2 protein chains.
Amino acid sequence: MEQRVSLITLGVADLTRARRFYEALGWTTRAEPDDDVVFFQAGGLVVALWGRRELADDSTMGDDGGWGGVTLAHNVASPAEVDAIIDQAAGAGATIGRAGSASFWGGYSGVFVDPDGHPWEIAHNPRWTLGEDGSVRLPD
Amino acid sequence: MEQRVSLITLGVADLTRARRFYEALGWTTRAEPDDDVVFFQAGGLVVALWGRRELADDSTMGDDGGWGGVTLAHNVASPAEVDAIIDQAAGAGATIGRAGSASFWGGYSGVFVDPDGHPWEIAHNPRWTLGEDGSVRLPD
């Protein structure tokens, strides 16, 4: 199995609401208004929004409705960009888990939680290389 | 907020077990044996394994221990590759949610569940472009 991820699917309760939230963050999709899955091209992978019940069935998972031990992160080039995205997410309807602050690992980060309870850490990590294409590289 | 993901962190109960599982799938890390986070460079993003309790706290999430509405997928170039990875995952200790089979969306996929309950769909989608670098592209 190659060391890569092709697709991250987020289960949602209300696809229209979820789509609007990510669009309010500036994301764009070619999905039609009545598509039952919304795909976003996110660099070399795809982020999808799909009904959580359908995703649970398709993934052969039981579902009690909570968080499941997966957190996504979005790295940026400065603490100021962390703060700006946390503000943008709040304006789009996210819950702010924690505002931007210095992190125990030597960077700066904050957390927003999307309308379906999926957390995103927005982080500035000065030890990771952030490419112009948005890719991140661990130190050599 | 740019349309990209930098890091996917999977919360785990036993970091050594989780690391061994992904290494048994062929993944490699530069993490030291006693590091408390294990990072895998996965194309232009990073996949991390970290204690689920620590991840919950850091993500400002409550945790009832179940699945949380997030499924990862790994796309490959043929149905035979789907079957091979599902077999490999079973050999590495995964639970097989469903064996490879034709999917309702016109491709072929199976699901394995890692030792911490995180599902991975292994998929062949003939309508998506799989790059030589492992990136996936939605149709134009």
Side-chain angles (χ1 to χ4, degrees), chain A residues 1-12 25-28 30 39-47 52 55-56 58-75 85 88-89 97-98 111 113 116-119 121-123 128 130-131 133-138, chain B residues 1-12 25-28 30 39-47 52 55-56 58-75 85 88-89 97-98 111 113 116-119 121-123 128 130-131 133-138:
Chain A
M1 179 175 175
E2 290 175 25
Q3 194 158 325
R4 56 184 177 75
V5 179
S6 307
L7 170 67
I8 304 167
T9 305
L10 301 178
V12 304
L25 296 182
W27 290 28
T28 60
R30 289 176 174 163
F39 293 113
F40 295 99
Q41 182 75 48
L45 60 78
V46 174
V47 173
R52 181 158 168 155
L55 180 61
D58 194 63
S59 303
T60 70
M61 291 287 110
D63 185 15
D64 292 327
W67 178 75
V70 180
T71 297
L72 305 179
H74 179 93
N75 282 36
I85 292 176
Q88 183 186 22
R98 51 183 170 80
V111 169
V113 184
D116 288 283
H118 301 300
E121 180 177 44
I122 308 301
W128 290 12
L130 188 59
D133 61 355
S135 63
V136 294
R137 289 277 154 195
L138 296 169
Chain B
M1 178 173 173
E2 290 175 25
Q3 194 158 325
R4 57 183 176 74
V5 178
S6 308
L7 169 67
I8 303 167
T9 304
L10 302 179
V12 303
L25 296 182
W27 289 28
T28 59
R30 289 176 174 163
F39 293 114
F40 295 99
Q41 182 75 48
L45 60 77
V46 174
V47 173
R52 181 159 167 154
L55 181 61
D58 194 64
S59 303
T60 70
M61 290 287 110
D63 185 15
D64 292 328
W67 177 74
V70 180
T71 297
L72 305 179
H74 179 95
N75 281 36
I85 291 176
Q88 183 187 20
R98 51 182 170 82
V111 169
V113 184
D116 289 283
H118 300 299
E121 181 176 43
I122 309 300
W128 290 12
L130 189 59
D133 61 355
S135 62
V136 294
R137 289 277 154 196
L138 296 168

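Below, chains carry the letters A, B, ... as their sequence lines are ordered, and counting in each starts from 1. Model, not experiment: these values are computed from the prediction.
Heavy-atom distances place both the backbone and the side chain of A:E2 under 4.5 Å from chain B. Both the backbone and the side chain of A:D58 come within contact range of chain B, each with at least one heavy atom under 4.5 Å from a heavy atom of that chain. Of the atoms belonging to A:Q41, heavy atoms from both backbone and side chain fall under 4.5 Å from chain B. Neither the backbone nor the side chain of A:V12 comes within less than 4.5 Å of any heavy atom in chain B. Of the atoms belonging to B:H74, heavy atoms from both backbone and side chain fall under 4.5 Å from chain A. Heavy atoms of B:V47 lying under 4.5 Å from chain A belong exclusively to its side chain. Interface remark: A:V111 contributes side-chain atoms only to the contact with chain B (heavy atom separation under 4.5 Å). Only the side chain of B:T60 comes within contact range of chain A, judged by heavy atoms closer than 4.5 Å.
The side-chain heavy atoms of A:V5 and B:F40, taken from C-beta on, include no pair separated by under 4.5 Å. For the pair A:L10/B:V70, a side-chain contact is recorded, criterion being any heavy-atom separation below 4.5 Å from C-beta on. The closest side-chain heavy-atom distance from B:R30 to A:L138 is not below 4.5 Å.
Without hydrogens or angle criteria, A:Q3 side chain to B:T28 main chain gives a donor-acceptor distance under 3.5 Å. The backbone N or O of A:G68 lies less than 3.5 Å from a partner atom in the side chain of B:R52, making a donor-acceptor pair.
The candidate with the highest count of non-hydrogen atom pairs below 4.5 Å against chain B, out of A:G66, A:A123, A:A42, A:G43, is A:A42. Contact count versus chain A (heavy atoms, under 4.5 Å) is highest, among B:R4, B:R98, B:E121, B:H118, for B:R4. Residue with the most contacts toward chain B among A:V136, A:I8, A:D133: A:V136 (heavy-atom pairs, distance under 4.5 Å). For the set A:S135, A:G44, A:G134, A:P119, the entry with the most heavy-atom pairs within less than 4.5 Å of chain B is A:G44. Between chain B and the options A:L25, A:L72, A:I85, A:T71, heavy-atom pairs under 4.5 Å are most frequent for A:T71. The greatest number of non-hydrogen atom pairs below 4.5 Å with chain B, out of A:G11, A:A73, A:S59, is found for A:A73.
Judged as a salt bridge (Lys or Arg N to Asp or Glu O under 4.0 Å), and not counting sequence neighbours, A:R137 has no contacts.
Here CD1 of A:I122 is found 4.0 Å from CE of B:M1. Values are rounded to the nearest 0.5 Å.
The two residues B:L7 and A:W128 make their nearest non-hydrogen contact at CD1-CH2, 4.0 Å.
Here salt bridge (charged side-chain N to carboxylate O under 4.0 Å, His left out) pairs that include residues 65-75 of chain B, with residues two or more places apart or in two chains, number zero.
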